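What follows is a single structure, written as C-alpha cells, with notes after it.
These values consider heavy atoms only, across backbone and side chains, with no hydrogens, waters or symmetry-generated copies. Numbers here simply count residues along the sequence, with the first being 1. Remember, it's a predicted structure, so these values are computed and weren't measured experimentally.
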Amino acid sequence: MIEPEDLQEEEEDIRIIENILRPKTLKDIIGRKKEKDYLRVIISAAKKRGEPVDHIILHGPPGLGKTSIAQVIANEVGSQFYATSGPAIMKKGDLASILTSINTNGILFIDEIHRLNKSIEEMLYSAMEDRNLDIIIGKGPSARSIKLELNPFTIIGATTRIGLLSSPLRDRFGVDMHLDYYPFEEIRELVNQKAKILDIEIDNEAAMEIAKRARRTPRIAIRILKRVRDLSQYSGKSKIDLPVTLEALKMMEIDEFGLDSLDRRILKTLMINFKGGPVGLSTLAATLSEDVGTLEDVYEPYLLKEGFITRTPRGRVATEKTLKYFNNEVL
C-alpha cells in the first residue's frame, strides 16, 4: 500500500525535476531569437529606469514555454516571482490579497488569464493602470470605498485563447507576445539540452526522431525524452539510441507525424462519420465523447498547423493530406 507521505515525496521529486529542466536565463532558452532580443531591450530599459517591466501577455498553443518565459523574465529582472491562475482567483478579496503582498517591482504571473471572472477583471484594470485598488467596505448606506496604493509591479498573463480576452484587459498589456510552434532543429537542440541536464547520453539520430514526433512542442519533447529514458534504462542501455527511441514511441502510440491515438480518432471520425466534413467542433467533440475545450486548445492547433484539417465557416474539413495519410493506414 502506498502511503500518503510517499506520494507527497514523489510529487515533490517531480516538482524538483521540472524546476531543474526549466530555463533560468534568456541565454538558456532554445530558439525564440526574436522574442529574446525584444525582451532583452524591454528588461534592460526598465532596469536602467528603476521601473517595473511593462505588463506582458503571452499567448499561443499549450506547452510552448509561457510559464518558463515568465520565470526567466523575473530572474533577469531580479524580482520576486508570484504565480496564480485565472480560475484560482474566485473573489475580489483573493485578488486584493495577492496584489497587496507583491514586493516592489515584483512579477505576478496569471496563467489561463482568459478565465478570470468579469468582476475580477474589471478590478484588475485600475491595478494595472494606476497601481491602486478600490475596495468597498460594508454594505448598504454605510458602505464606503477606500483606495489601496500598490507597489510598482508587473503582470504577465498567459493564455491559449487570446480571443477570449476582453479588449479593455488586452489593451492594458504593453507587450503582446505570440509564441508559435518550434522548428524541428530547435526541438532537437532542446532535447539534447534537457538530456544533458538529466545526465543522459543520447544519439543525435534519436534526438532528431523525438523532435520530429513532439508536435513542435517543448513540453511534449521533454515528456517523450523521459519515457525513452525509462525504456533505455529498463533495457540496460547506457545511451539512448534510435532503436530504443523508436520502440518507446511505438509503445506511446506516437507516429512519424507526431499524431497520437486521439489525433487519429479525430481524423478517422471526421473521415468516416462525417465523410471528411464540414462538421462543427461541438458535434465532433460529442461524437468522440471528448471536451470541446480540449479539442480546440490542445489538438486542433497542431492539426491545423500541419495541414490535416482546415476551418471553414461551416465547420472543420479534412484535407488532402489526411486522405493521403489514411491511404497508408487501415481505417
Side-chain angles (χ1 to χ4, degrees), residues 30-32 34-35 58-66 159-163 178-191 205-225 227-228 245-246 248-285 287-288 290-331:
I30 300 295
R32 302 280 185 225
K34 182 181 70 174
E35 290 86 351
L58 303 171
H59 56 98
L64 295 183
K66 293 183 283 293
T159 176
T160 56
R161 307 178 75 179
I162 188 70
H178 173 67
L179 302 181
D180 204 352
Y181 288 106
Y182 278 71
F184 292 134
E185 280 299 326
E186 288 182 0
I187 291 288
R188 180 187 60 77
E189 192 179 340
L190 180 138
V191 169
E205 281 184 320
M208 194 62 193
E209 194 63 36
I210 292 172
K212 286 178 180 176
R213 303 204 193 191
R215 302 169 75 95
R216 302 175 182 266
T217 304
R219 183 185 295 163
I220 296 174
I222 293 168
R223 190 182 74 210
I224 293 173
L225 174 63
R227 300 294 73 79
V228 174
T245 300
L246 292 172
L249 288 163
K250 186 177 179 182
M251 289 171 66
M252 296 173 74
E253 297 185 352
I254 299 173
D255 69 16
E256 64 270 25
F257 295 100
L259 304 184
D260 62 19
S261 55
L262 184 52
D263 289 309
R264 291 189 288 275
R265 276 181 60 213
I266 292 168
L267 296 178
K268 283 184 179 182
T269 302
L270 187 54
M271 294 289 293
I272 296 171
N273 295 43
F274 302 102
K275 296 180 170 56
V279 60
L281 190 63
S282 57
T283 303
L284 186 60
T287 306
L288 291 162
E290 292 289 342
D291 178 62
V292 176
T294 301
L295 293 190
E296 189 170 19
D297 295 341
V298 179
Y299 289 91
E300 188 182 61
Y302 181 72
L303 294 175
L304 284 166
K305 178 79 173 178
E306 295 301 303
F308 285 99
I309 61 173
T310 58
R311 278 180 183 158
T312 72
R314 294 174 58 202
R316 277 62 177 173
V317 178
T319 64
E320 190 69 29
K321 185 171 183 177
T322 300
L323 291 171
K324 289 179 180 176
Y325 175 81
F326 284 119
N327 279 341
N328 300 319
E329 300 252 342
V330 179
L331 289 176

Hey, can you pull the donor-acceptor pairs under 3.5 Å for the side chains in residues 205-212, sequence neighbours left out?
unit_1 : atom_1 : unit_2 : atom_2 : d
Glu209 : OE2    : Arg213 : NE     : 2.9
Glu209 : OE2    : Arg213 : NH2    : 3.1

Do any side-chain atoms of residues 292-300 form donor-acceptor pairs under 3.5 angstrom with protein atoms, and if so which ones, sequence neighbours left out?
unit_1 : atom_1 : unit_2 : atom_2 : d
Thr294 : OG1    : Asp291 : OD2    : 3.4
Glu296 : OE1    : Arg161 : NH2    : 2.8
Asp297 : OD1    : Arg161 : NE     : 3.4
Glu300 : OE1    : Arg311 : NE     : 3.3
Glu300 : OE1    : Arg311 : NH2    : 2.7
Glu300 : OE1    : Arg316 : NH2    : 3.3
Glu300 : OE2    : Arg316 : NE     : 2.4
Glu300 : OE2    : Arg316 : NH2    : 3.1

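Every pair tested for side-chain hydrogen bond (donor to acceptor under 3.5 Å, both in side chains) that includes a residue from residues 269-280 fails, sequence neighbours excluded, so the list is empty. Annotation: ring-ring contact (aromatic ring centres under 6.0 Å, His included) contacts involving residues 260-281, sequence neighbours excluded, are absent.
Contact check for Leu259 versus Leu267: side-chain heavy atoms found under the 4.5 Å cut-off. Between Lys268 and Phe326 there is a side-chain heavy-atom pair separated by less than 4.5 Å. A heavy-atom distance below 4.5 Å is found between the side chains of Leu323 and Met271. The shortest side-chain heavy-atom distance between Asp263 and Arg215 falls under the 4.5 Å cut-off. No side-chain heavy atom of Pro61 sits under 4.5 Å from any side-chain heavy atom of Thr160.
Annotation for Pro183 and Arg216: closest pair CA-NH1, 3.8 Å, computed over non-hydrogen atoms. Considering every non-hydrogen atom in both Ala214 and Ile187, the closest pair reads CB-CG2, 4.3 Å. Pro278 and Thr312 make their closest contact through CB-OG1, 4.0 Å (heavy atoms, listed as atom of the first residue, atom of the second, distance). Between Lys321 and Gly307, the shortest heavy-atom contact is CB-O, 3.5 Å. Contact between Val191 and Ala221 at its shortest, heavy atoms only, is CG2-CB, 4.0 Å. Minimum interatomic distance between Pro218 and Leu64 (heavy atoms only, all atoms of both residues): CD-CD2, 3.8 Å.
For Phe257, the ring-ring contact (aromatic ring centres under 6.0 Å, His included) partners are Phe308, Tyr325, not counting sequence neighbours. Every residue two or more places apart in sequence or in another chain was checked for a side-chain hydrogen bond (donor to acceptor under 3.5 Å, both in side chains) with Arg219, and none qualifies. Here Glu186 pairs with nothing under the salt bridge (charged side-chain N to carboxylate O under 4.0 Å, His left out) rule; sequence neighbours left out. Residues satisfying the side-chain hydrogen bond (donor to acceptor under 3.5 Å, both in side chains) criterion with Thr245, sequence neighbours excluded, are absent altogether. Residues passing the salt bridge (charged side-chain N to carboxylate O under 4.0 Å, His left out) test with Lys305, sequence neighbours excluded: Asp180. Applying the side-chain contact (heavy atoms from CB on, under 4.5 Å) test to Glu253 and every residue at least two apart in sequence or in another chain returns Ser261, Arg264. Partners of Arg32 by salt bridge (charged side-chain N to carboxylate O under 4.0 Å, His left out), not counting sequence neighbours: none found. Residues forming a salt bridge (charged side-chain N to carboxylate O under 4.0 Å, His left out) with Glu185 (at least two apart in sequence, or on another chain): Arg188.
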(request) List the steps and the verdict of side chain to side chain contact (heavy atoms under 4.5 Å, CB included) for Ile266 and Glu290. (result) CA-CA 10 Å; Ile266 292 168; Glu290 292 289 342; over 6 Å; no
(request) Quick one: do Leu304 and Ile309 satisfy side chain to side chain contact (heavy atoms under 4.5 Å, CB included)? Show the steps, please. (result) CA-CA 5 Å; Leu304 284 166; Ile309 61 173; 3.9 Å; yes
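Separation of atoms CD1 (Ile162) and CG (Leu58) is listed at 9.5 Å; rounding is to 0.5 Å. Atom CG of Leu249 and atom CG of Asp260 lie 12.0 Å apart (nearest 0.5 Å). Atom OG1 of Thr310 is separated from atom CG of Leu303 by 11.5 Å, given to the nearest 0.5 angstrom.
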